Amino acid sequence: MDGNGRWARARGLPRTVGHNSGAEAVRQAVKGAVACGVEYLTLFGFSSENWKRPAAEIDDLMGLLKLYLRREIEELHQNGVRLQVIGDRARLGRDVVNLIEAGEARTRDNTRLVLTVALSYGARAEIVLAAKRLLEAAGKGDISAEDLNEERFGSFLLTAGMPDPDLLIRTSGEKRISNFLLWQCAYAEFIFVDKHWPDFGIDDLKAAIEEYHGRSRRYGAAE
Ligand code: IPE
Ligand code: MG
């Protein structure tokens with residue numbers, strides 16, 4: 001979800017207003033994903049690197065996140081959405097973590113859509129964490145070098161149990177992965193959209209899914 005700041009600047013508005021509009025786009029994306037039968041939607045909400053932003057902007061974003069969690073959990077639950085958050089919770093405020101935990105607990109048995117929000121998330125940190133967990137397991141004798149393969153390694157990641165993404169969409173014209181799901185996106189299809197995130201609506205999601213269906217996925221094999 002990129003481009004909230006530029007969306008606001010283009011309108012002569014403060015960045016906060018862009019983030020507010022971005023939160024509305026999240027509601028649309030979730031609705032659209034449910035409507036399209038998507039089973040897993042993962043949103044990059046706040047990266048490990050976003051902690052470098054000015055404190056005032058971080059406060060705004062955390063405030064918005066709390067508002068979203070307070071307001072939306074019940075509706076997510078009614079719509080069969082399971083919420084989960086991946087990222088470094090130790091850096092998030094206690095109040096934010098409490099709301100996340102309550103939202104996860106409330107929606108844990110839902111199966112229509114798994115909505116994963118990456119918060120304080122960085123893929124390299126996630127891979128290092130997986131390596132640490134792996135070393136601990138090896139220390140306890142639970143896994144040996146011979147047993148290790150890609151599937152086992154994946155089970156130490158924060159996305160354990162989730163399928164790899166089929167489609168990655170980035171808005172606002174930037175063509176980078178920016179430390180998002182590096183391991184998991186090995187064979188994801190990428191779609192870059194020029195629109196800023198607040199302007200990304202259900203029709204844009206549908207168009208991206210349609211474009212995805214036109215792609216030929218060979219996973220390195222010959223045609
Ligand atoms: C996306 O919009 C939201 C977050 C990363 C929190 P940006 O805040 O990155 O907006 P730009 O890239 O400055 O336009
Ligand atoms: Mg940005």
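As the structure is a computational prediction, the values presented were derived from the model and not from experiment. Computed over heavy atoms, backbone and side chain alike; hydrogens, waters and symmetry mates excluded. Start at 1 and go down the list; that is how both ligands and their atoms are numbered.
- Within the structure, ring-ring contact (aromatic ring centres under 6.0 Å, His included) contacts touching residues 200-223 (residues at least two apart or in different chains) are Tyr187-Tyr219, Trp197-Phe200.
- Classification of the Tyr121-Phe180 ring pair by plane angle, with boundaries at 30° and 60°, yields perpendicular.
- Between Glu72 and the options Arg27, Lys31, Arg106, Lys66, a salt bridge (Lys or Arg N to Asp or Glu O under 4.0 Å) holds for only Arg27.
- For the Mg ion (ligand 2), the count of nearby protein N/O/S atoms, taking only those under 2.8 Å, is 1.
- In this structure, the side chain to side chain contact (heavy atoms under 4.5 Å, CB included) partners of Lys206, at least two apart in sequence or on a different chain, are Cys36, Ile202.
- Listed by chain and residue number, the protein contacts of ligand 1 are Met1, Asp2, Gly3, Asn4, Gly5, Arg6, Arg15, His19, Gly45, Asn50, Arg53, Leu61 (heavy atom within 4.0 angstrom).
- In this structure a side-chain-to-backbone donor-acceptor pair under 3.5 Å is present from Ser120 to Asp88.
- Salt-bridge check for Asp166 with Arg217: passed, with a basic side-chain N closer than 4.0 Å to an acidic carboxylate O.
- The pair Glu39-Arg82 does not meet the salt-bridge criterion, since no charged nitrogen lies less than 4.0 angstrom from a carboxylate oxygen.
- Under the 4.0 Å criterion applied to side-chain N and carboxylate O atoms, Arg11 and Asp199 are assigned as salt-bridge partners.
- Under the 3.5 Å distance criterion, the side-chain polar atoms of Arg170 are matched with a main-chain donor or acceptor of Arg176.
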